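Since we're looking at a predicted model, the values are computed, not measured. Computed over heavy atoms, backbone and side chain alike; hydrogens, waters and symmetry mates excluded.
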Amino acid sequence: MAFPRRFLDELMDRSDIVDVVSSYVALKKRGADYFGLCPFHNEKTGSFSVAQDKQMYYCFGCHSGGGVINFIMEIENLSYPDAVRFLAKRAGMEVPEDHIDREEARLRQRVLALNRDAARWFYQNLARPEGAAVAAYLEKRKITRRTAMNFGLGASLDEWDALLTAMQEKGYSKAELLAAGLASQNKQGRLYDKFRNRLMFPVIDVRGDVVAFGGRVLDKSEPKYMNTSDTIVYNKRRNLYGINLAKKTKRPNFILCEGNIDVITLHQAGFDNAVASMGTALTTEQTKILSRYTKELVLCYDNDAAGQMATQKNIDLLKDSEFTVRVLQLPRRLVDGEYIKQDVDDFIKFQGPAAFEAVLSGSANQMDYRMDAVAAKYDLSDPSQKVAYGEAISALIASLPNAVEREVYAGRAAETAGISRTAMLTEVERARKKKRGQDRRELQRENLNTAALRQPRGRAIRYEDLRSAMAEEGVIRLLLLDGALAEKCRDLAPEAFSSPFLGRIYAKLMETWDEGGTLSAAPLAAVCTKEEMGHLSGILQKPEAPAHADRALADYIQVIRASADKRQGGGDDPLRAAVEKFKKEKKGNGGKQS
């Protein structure tokens, strides 16, 4: 929505970007700007900068950037209007709403209220005869009443419309039940309960809102698990099961599990730092949430092929992150003379919390796990496979940046393979040289075309006229540096810009100036994509001397106009214009000459 200019200006005055960002990121002042670890991608060296004078943030690593509204949109997964509302609430300001946004905000609140009432209804069913089967299942799994209450566990009934009827009696409409993902609709338009005869797991976000549900069958019917699809209040990539409770833990790390039952079992056993991704694959968005509460993750998946694959995938995602990553591999259990896999729930049930604490304390770091995974692929009694193992493990060890680590792990690999430490270190060094050569060639390829490096990363905003675009960037940079310069741009039309994206930004800034508003990047979040705001933030990182702003602006405008004239077939060079005219005529004749 288009918020009133005065409201946005006051909101920006009350929402200093350093104050806002500091509540999410630990910032340290370095020169005029502040730096920290980027909350939007995994990194160990801080490349995230916040410029207080420009009220902008920019990451030199992932190239995300923008103003304070963009930051809240990305970090809290909010739309532009909701991010404005979030900041307004933080600043103690009333938000002027329009009809459309009032309806969207109302639906969002209604869905959250409906989810809360549905969760309460599911929980109450545990004490009713109709929910006896689920209550018996919880007792069988040794889940106490207290734990069930803490997690809001409940029962959906073995009926087609029990929840529909209960919620409609509370005043919720069919449209709201569909919007919440609690009801489904058949081809004839008839609504029915999505979750029936299942153990219900409310999904509660970090704010304590019930945003979704998961349901598990009690028999062997399919699907075994059913989850809420994405809704107006829920995105599975941006939520973690149990995070509402785990965020309060006093333990130094988080345990990342495979399923809801694992999380519940661990919490009941005293491990209140357990969470589960909504599916086995961890997402970048979920790591951002985790980074607010811990810098150490323990991966604890089932010790079967699927669990090992998920573990390796998550290690790859986290390898360059700020997290210390460990892997907890549960030992197999001997049953009737055969070793079988066991999950967290099995282990706690048969071995007890103390045994799990011991395994947790001795969990391997990610490098140990990865080395074991490589070794498992080879028969080290076979000389040819021993050579192949040496090549594979040396490539892995060569990726370590620390020389001491490389020497330690090379020694361990040598013992595993039954070869000399010197031979393994030689292979590691050879692999490092090979990698350095590959990196150098890649860098050379990137640097071959200087113009390509000046192009925006996103194809949607690529520059057709690079010389003019550089000048257009300069005009925008100067306007955001000193809004008073807009008076000297009166005769420069947005249509003269070669880049549609930069022309749109320029037009918005000039419109703001005409309305008497303050020129800043924050309101541009309403008209720019995330990619565009990142590029705009990059533009503002380029140096510009305020002392020579008038001269620079005049030069930029001259370049823009000259380029525009040439694109229109005019300009100061009659020979060039004649050549361009000849080319067009030749093209119009199908390439034939008379």
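- Ring centroids of Phe40 and Phe71 are separated by less than 6.0 Å, placing the two rings close together.
- Salt-bridge check for Asp316 with Lys313: failed, with every basic side-chain N at 4.0 Å or more from each acidic carboxylate O.
- Residue Leu191 comes nearest to Ala183 through the heavy atom pair CD2-CB, 4.3 Å, listed as atom of the first residue, atom of the second, then distance.
- Applying the side chain to side chain donor-acceptor pair (under 3.5 Å) rule to pairs touching residues 186-205 yields nothing, sequence neighbours excluded.
- Nearest approach of Ala88 to Phe7, heavy atoms of both residues: CB-CZ, 4.2 Å.
- Side chain of Gln286 to backbone of Thr283: a donor-acceptor contact under 3.5 angstrom is found.
- Contact record, Ser537 with Gly65: OG-C, 2.9 Å, taken as the closest heavy-atom pair.
- Between Ser47 and Phe35 there is no side-chain heavy-atom pair separated by less than 4.5 Å.
- The closest side-chain donor-acceptor pair between Asp209 and Asn115, if any, does not fall under 3.5 angstrom.
- Side-chain atoms of Gln185 never come within 3.5 Å of backbone atoms of Leu178 as a donor-acceptor pair (strictly under, hydrogens ignored).
- The closest side-chain heavy-atom distance from Phe501 to His535 is below 4.5 Å.
- Legend: side chain to side chain donor-acceptor pair (under 3.5 Å) pairs involving residues 156-165, not counting sequence neighbours: none detected.
- Residues Ile476 and Leu536 are in side-chain contact: their nearest non-hydrogen atoms beyond the backbone lie under 4.5 Å apart.
- Counting only distance, with no hydrogens or angles, the side chain of Tyr80 and the backbone of Cys528 share no donor-acceptor pair below 3.5 Å.
- Between Phe213 and Phe122, the gap from one ring centroid to the other is short of 6.0 Å.
- Residues Asn253 and Leu297 have side chains not in contact (no heavy-atom distance under 4.5 Å, counting atoms from C-beta outward).
- Atom OG of Ser277 is separated from atom CG of Leu256 by 5.0 Å, given to the nearest 0.5 angstrom.
- Between Met12 and Ile69, some side-chain heavy-atom pair lies under the 4.5 Å cut-off.
- Checked by atom type and distance alone, the side chain of Glu532 pairs as donor or acceptor with a backbone atom of Thr529 at under 3.5 Å.
- A donor-acceptor pair under 3.5 Å is absent between the side-chain atoms of Lys295 and the main chain of Thr324, judged by distance alone.
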side-chain contact (heavy atoms from CB on, under 4.5 Å) between Tyr293 and Val206, worked out: CA-CA 11 Å; Tyr293 306 106; Val206 293; 3.6 Å; yes

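- Taking the six-membered ring where the residue is Trp, the centroids of Phe48 and Tyr57 are separated by under 6.0 Å.
- The closest donor-acceptor contact from the side chain of Thr147 to the backbone of Ile143 lies at 3.5 Å or more, if one exists at all.
- A donor atom on one side chain and an acceptor atom on the other are not found under 3.5 Å apart for Glu74 and Asn70.
- Between Ile255 and Leu360, the closest side-chain pair of non-hydrogen atoms falls below 4.5 Å.
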CA sep, side-chain torsions, deciding dist, call: Asp343, Tyr301, side chain to side chain donor-acceptor pair (under 3.5 Å): CA-CA 7 Å; Asp343 57 21; Tyr301 291 111; over 6 Å; no

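- Gln55 and Asp16 share a side-chain donor-acceptor pair at under 3.5 Å.
- Listed here is the closest heavy atom pair of Glu258 and Asp302: OE1-N, 3.2 Å.
- Other residues, nucleotides and ligands place more than 12 heavy atoms under 6.0 Å from the CZ atom of Arg207.
- Interatomic distance, OG1 of Thr228 versus CG of Asp230, reported as 9.5 Å (0.5 Å rounding).
- Considering only residues two or more places apart in sequence or on other chains, His41 meets the ring-ring contact (aromatic ring centres under 6.0 Å, His included) condition with none of them.
- Ring centers of Phe356 and Phe271: under 6.0 Å apart, within the cut-off.
- Taking both residues in full, the closest heavy atoms of Leu330 and Leu328 are given as CD2-CD2, 3.4 Å, listed atom of the first, atom of the second, then distance.
- No more than 12 heavy atoms of other residues, nucleotides or ligands sit less than 6.0 Å from atom NZ of Lys224.
- Side-chain atoms of Arg238 never come within 3.5 Å of backbone atoms of Glu76 as a donor-acceptor pair (strictly under, hydrogens ignored).
- Lys170 is listed as a side-chain neighbour of Met167, based on a closest heavy-atom distance under 4.5 Å.
- Scanning both residues, Thr294 and Pro252, for their nearest heavy atoms gives OG1-O, 3.2 Å.
- Salt-bridge formation is not detected for the pair Arg108/Glu104: no Lys NZ or Arg NE/NH1/NH2 atom is positioned less than 4.0 Å from an Asp or Glu carboxylate oxygen.
- Asn125 and Glu130 share no donor-acceptor pair across their side chains, judged by distance under 3.5 Å alone.
- Side-chain atoms of Asp272 do not come within 3.5 Å of backbone N or O of His267 as any donor-acceptor pair.
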